[in-house]
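First the structure, which I've put down as structure tokens, then a few questions once you've had a look.
Every chain is numbered from 1, with letters handed out A, B, ... down the list of sequences. Everything quoted here is computed from the prediction, not taken from an experiment.
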Number of protein chains: 2
Amino acid sequence: MKYSVVVVDDHNLLSQAIGSLIEDFEQFRVLYLCNNGQELIEKFKNPRNIPDIVLMDVNMPILNGIETTDHLRQHFPQVNVLALSIEEDENTILKMLRAGAKGYLMKDVKKTELENALLEVLKKGYYHTNTVAKILVGSLAQKETSVSSLKEREIEFIKHACTEKTYKEIADDMCLSYKTIEGYRNVLFEKLNLRNRTGLVIYAIKNKIFVP
Amino acid sequence: MKYSVVVVDDHNLLSQAIGSLIEDFEQFRVLYLCNNGQELIEKFKNPRNIPDIVLMDVNMPILNGIETTDHLRQHFPQVNVLALSIEEDENTILKMLRAGAKGYLMKDVKKTELENALLEVLKKGYYHTNTVAKILVGSLAQKETSVSSLKEREIEFIKHACTEKTYKEIADDMCLSYKTIEGYRNVLFEKLNLRNRTGLVIYAIKNKIFVP
DNA sequence: TCTGCATAGGGGTTTTTCCCTTTATTGATT
DNA sequence: AATCAATAAAGGGAAAAACCCCTATGCAGA
């Protein structure tokens, strides 16, 4: 009996293509393809649609890979989720693993490595490439002040700071005194170890607080 | 006789996967796969390696899709290049088409649309989805001041401006007077219609001059 | 010679950055 | 109930950096 795999990816061509690769593998078969997390969860309502492995893209519309993986971890812990993404961003990888993914594959993996990953996940319960392992180790150091430590109002301010507005204008927009805005800024410079507004903008974009 | 297709994509899995999709098509066969533009150009030295169609990714290391397409347009104009990318950025699409691509496919196309695109390109010499057509029309308006109108030294300055350095420090780094740096900045603000450095940073990131 | 361009200076206003203090509020701890 | 600690909001004052406008020189190419 072959192990069943489901591919979840909003890029239609990719999911089809990856599906057809998997069909070539001796020990695996594709159960079905999905375009996003919502479709997958819908499918899972029928127990016959629950596969051994889910190959999950991270960036998808409607219900993204992180949220979907989190849902699966809570409701279908027996399913092995393998993330498959072009996204090499450290935070994304960490979020995905925290959500319960058993491994994180870059989309540039070779066919044989994919097969290997599928086998390993079933055997050991996880599969990590060197790249991901390195990132994991790296994340243990520093990173004390992550986005999650920022307050709601600070995040809001940062978004305003990522525009051409002066602080005076931001103060007006947020219905606060100019001096209060200065306070927010100074606290953030301190917390995030920044020198000036440019640093804050770059930080915001790196951490996806502001998407240009 | 089937038409020959070459897939150029640094994401190994993708190129293999797309390749195997194409093998399913009645009228097409995959000649070989490449990881980047340089590999492709190397291959072309042997005339038997020149295919009817090249499916080209845009973002690749070493020699990217735009440069590669440009090279093919100049040296092998008989080859039809179809861009295949997740990149939906307007400027990127325009650059690719300007470089000589006969069409631009998003990676979320369906299998049948890919086949259709391959056939159309051979028949009509081009293939454009609605999305791309819309972007082309949109680009006719505005967009006078595109990245391409910026000078080499200006681009360099912009990259420096996307750091926490002060203009004084940037001046030192670029071995120019502080006043010259101010000149660059003022010219850019004028050209790109910006108010301050924050605007410049956002512009740089949007246009991929600086990648955070 | 004229033009365009890179470079750079003078001098001024506005904005940003930095330090330090104050007040009101809220939530927790005696 | 009284006290304490933490926090959000706000202000004064000053130096540094950013922003703005206008001018000038030297050099390469038409």
Fill in: Contact under 4.0 Å: Tyr178(B) side-chain N or O vs dA17(D) OP1/OP2
no

Arg197(A) CZ to dA17(D) C1', in whole Å, measures 14 Å

For a quick test of reading the model, state the closest non-hydrogen atom pair linking Arg197(A) to Tyr167(A) and the distance between them.
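For Arg197(A) versus Tyr167(A), the nearest heavy atoms are CD-OH, 3.3 Å.
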
Is any side-chain N or O of Arg185(B) closer than 4.0 Å to OP1 or OP2 of dC19(D)? yes

Take the protein atom CG of Leu150(B) and the nucleotide atom C1' of dC5(C), then report the distance between them rounded to whole Å.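 Those two atoms, CG and C1', are 16 Å apart.
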
message: Expressed as a whole number of angstroms, how long is the span from Leu200(A):CG to dC18(C):P?
response: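 Taking CG of Leu200(A) and P of dC18(C), I get 12 Å after rounding.
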
If we ignore angles and hydrogens, is there a donor and acceptor under 3.5 Å between the side chains of Tyr203(A) and Glu164(B)?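 Looking only at side-chain atoms, Glu164(B) and Tyr203(A) do not form any donor-acceptor pair under 3.5 Å.
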
Note to self: How about CD on Glu113(B), more than 12 heavy atoms from neighbouring residues, nucleotides or ligands closer than 6.0 Å, or not?
What the structure shows: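 Yes - once you tally the heavy atoms of other residues, nucleotides and ligands closer than 6.0 Å, there are more than 12.
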
Whichever of Arg195(B) and Tyr184(B) has the more 5' nearest nucleotide on DNA chain C, that residue is Tyr184(B)

- request: Return the value, rounded to whole Å, for the distance between atom CD of Glu164(A) and atom C1' of dT14(C).
  value: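 My rounded result for the distance is 16 Å.
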
When you measure from the side chain of Lys151(B), which nucleotide among dA6(C), dC21(D), dA18(D) comes out closest?
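Output: dA6(C).
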
If you pin Cys175(B) and Lys179(B) to their nearest nucleotides in DNA chain C, which one's is more 5'?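 Result: Cys175(B).
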
| Taking OP1 and OP2 of dT7(C), is either one under 4.0 Å from a side-chain nitrogen or oxygen of Thr180(B)? | no

Separation of dG9(C) atom C1' from Asn186(B) atom CG, nearest Å, is 14 Å

Whole-Å distance, Phe157(A) CZ to dT7(D) P, equals 19 Å

Only one of Leu31(B), Val54(B), Ile50(B), Asn49(B) passes side chain to side chain contact (heavy atoms under 4.5 Å, CB included) with Ser4(B), and that residue is Leu31(B)

**Message:** Assess, by modelled atom type and distance only, whether the side chains of Asn186(A) and Glu182(A) contain a donor and an acceptor separated by less than 3.5 Å.
**Reply:** no

From OH of Tyr167(A) across to C1' of dA18(D) the rounded distance in Å is 12 Å

Ignoring backbone atoms, test whether Ser177(B) places a side-chain nitrogen or oxygen under 4.0 Å from the OP1 or OP2 oxygen of dG9(C).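 Yes, such a contact exists.
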
note: Glu154(A), atom CD; dA9(D), atom C1'; distance rounded to Å ~ 13 Å

